[in-house]
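Quantities reported herein were computed from a predicted structural model and do not represent experimental measurements.
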Amino acid sequence: NGGTNFTYTLPSMVDGLAVAASYQPAGANDESDTAYSLVYTGVEGLSVSYGAGSNDSAAGSASNSDTSSIKASYIYGPVTVAYSDHSHDNNTATADQDTTAWKVSYTVSDAISVSYGEEEMKSGTAGDQDASYSRLSASYTSGGMTISAASVSMDNVGGSTASRDD
């Protein structure tokens, strides 16, 4: 590729909606690539984002891929809830990956907060087990000092149920 890239950010069409798009023209042994994103923040406390794009080498190449992500978060008083879903599809099925995550945070006071979240990752590799993660954390802040603690659990990290992967 010659390194030419076109990026365009559209003016606001609706209050709180931002749209951006990019295009990478085809080059020697490379197909053109495209991507776009939408971000909506038109409701107080709410943020929703979606993005998608392609990364294409030569036509039919095993490294050609499409990726999309969506995420949303909402803040209501002391509570924040967030969710995300990411999908990566490759011409080589074993390189596919889907990840879903969510988290809830609660601010007890100006000094104390707690949160809990989970994530699951699915691999395109045949026989792989879904990897899953969870985390519970708490923190206390006083002046310039913060004390925090976390409990983290990981299962099937290497894509198998072997004890080394938990």
Side-chain angles (χ1 to χ4, degrees), residues 16 18-20 22 24 31 33-58 60-166:
V19 180
S22 69
Q24 176 90 27
E31 295 180 339
D33 301 324
T34 58
Y36 66 93
S37 68
L38 303 148
V39 178
Y40 180 71
T41 56
V43 173
E44 186 177 344
L46 177 68
S47 176
V48 179
S49 305
Y50 178 78
S54 66
N55 182 15
D56 297 328
S57 297
S61 171
S63 63
N64 292 354
S65 60
D66 295 313
T67 300
S68 65
S69 294
I70 187 167
K71 67 177 189 171
S73 64
Y74 185 67
I75 301 169
Y76 185 76
V79 177
T80 301
V81 178
Y83 172 83
S84 67
D85 192 345
H86 174 78
S87 176
H88 178 78
D89 296 316
N90 196 291
N91 274 1
T92 305
T94 57
D96 290 352
Q97 186 176 26
D98 294 320
T99 305
T100 304
W102 63 269
K103 181 178 180 179
V104 176
S105 301
Y106 179 65
T107 303
V108 179
S109 68
D110 288 342
I112 301 171
S113 64
V114 294
S115 65
Y116 179 78
E118 292 185 2
E119 179 176 301
E120 182 175 273
M121 188 182 321
K122 297 178 182 183
S123 168
T125 304
D128 265 4
Q129 298 293 315
D130 295 346
S132 62
Y133 309 87
S134 63
R135 177 184 174 109
L136 173 64
S137 61
S139 66
Y140 171 74
T141 302
S142 179
M145 176 185 72
T146 299
I147 299 172
S148 59
S151 174
V152 179
S153 171
M154 300 179 289
D155 296 318
N156 306 329
V157 174
S160 76
T161 56
S163 61
R164 73 176 189 280
D165 292 327
D166 289 342

Worked check of side chain to side chain contact (heavy atoms under 4.5 Å, CB included) between V104 and Y116: CA-CA 5 Å; V104 176; Y116 179 78; 5.6 Å; no
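Note: T99 OG1 to H88 NE2 = 10.5 Å, rounded to the nearest 0.5 Å. The CE atom of M154 sits 11.5 Å away from atom CD of E119, with the distance rounded to the nearest 0.5 Å. The structure places NZ of K103 at 9.0 Å from OG1 of T80, a figure rounded to the nearest 0.5 Å. Between atom NZ of residue K71 and atom CG of residue D85 there is a gap of 13.5 Å, rounded to the nearest 0.5 Å.
N156 places a side-chain N or O within 3.5 Å of a backbone atom of D130 that can act as its donor or acceptor partner.
Considering only heavy atoms from C-beta on, I70 stays 4.5 Å or farther from S68 through its side chain. The shortest side-chain heavy-atom distance between E120 and E118 does not fall under the 4.5 Å cut-off.
Scored by the side-chain contact (heavy atoms from CB on, under 4.5 Å) test, A138 finds V114 as partners (sequence neighbours excluded). Not counting sequence neighbours, Y74 has no partner by the ring-ring contact (aromatic ring centres under 6.0 Å, His included) test. Partners of D66 by side-chain hydrogen bond (donor to acceptor under 3.5 Å, both in side chains), not counting sequence neighbours: none found. Listed by chain and residue number, nothing satisfies the side-chain hydrogen bond (donor to acceptor under 3.5 Å, both in side chains) test with S148 (two or more places apart in sequence, or in another chain).
Listed by first then second residue, pairs satisfying side-chain hydrogen bond (donor to acceptor under 3.5 Å, both in side chains) with a partner in residues 135-145 read S113-S139, S115-S137, T141-T146, not counting sequence neighbours.
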For a quick test of your reading: what N or O donor-acceptor pairs under 3.5 Å do the side chains of residues 38-51 make, sequence neighbours left out?
none

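In terms of heavy-atom proximity, S153 sits nearest to D155 at OG-OD2, 4.0 Å.
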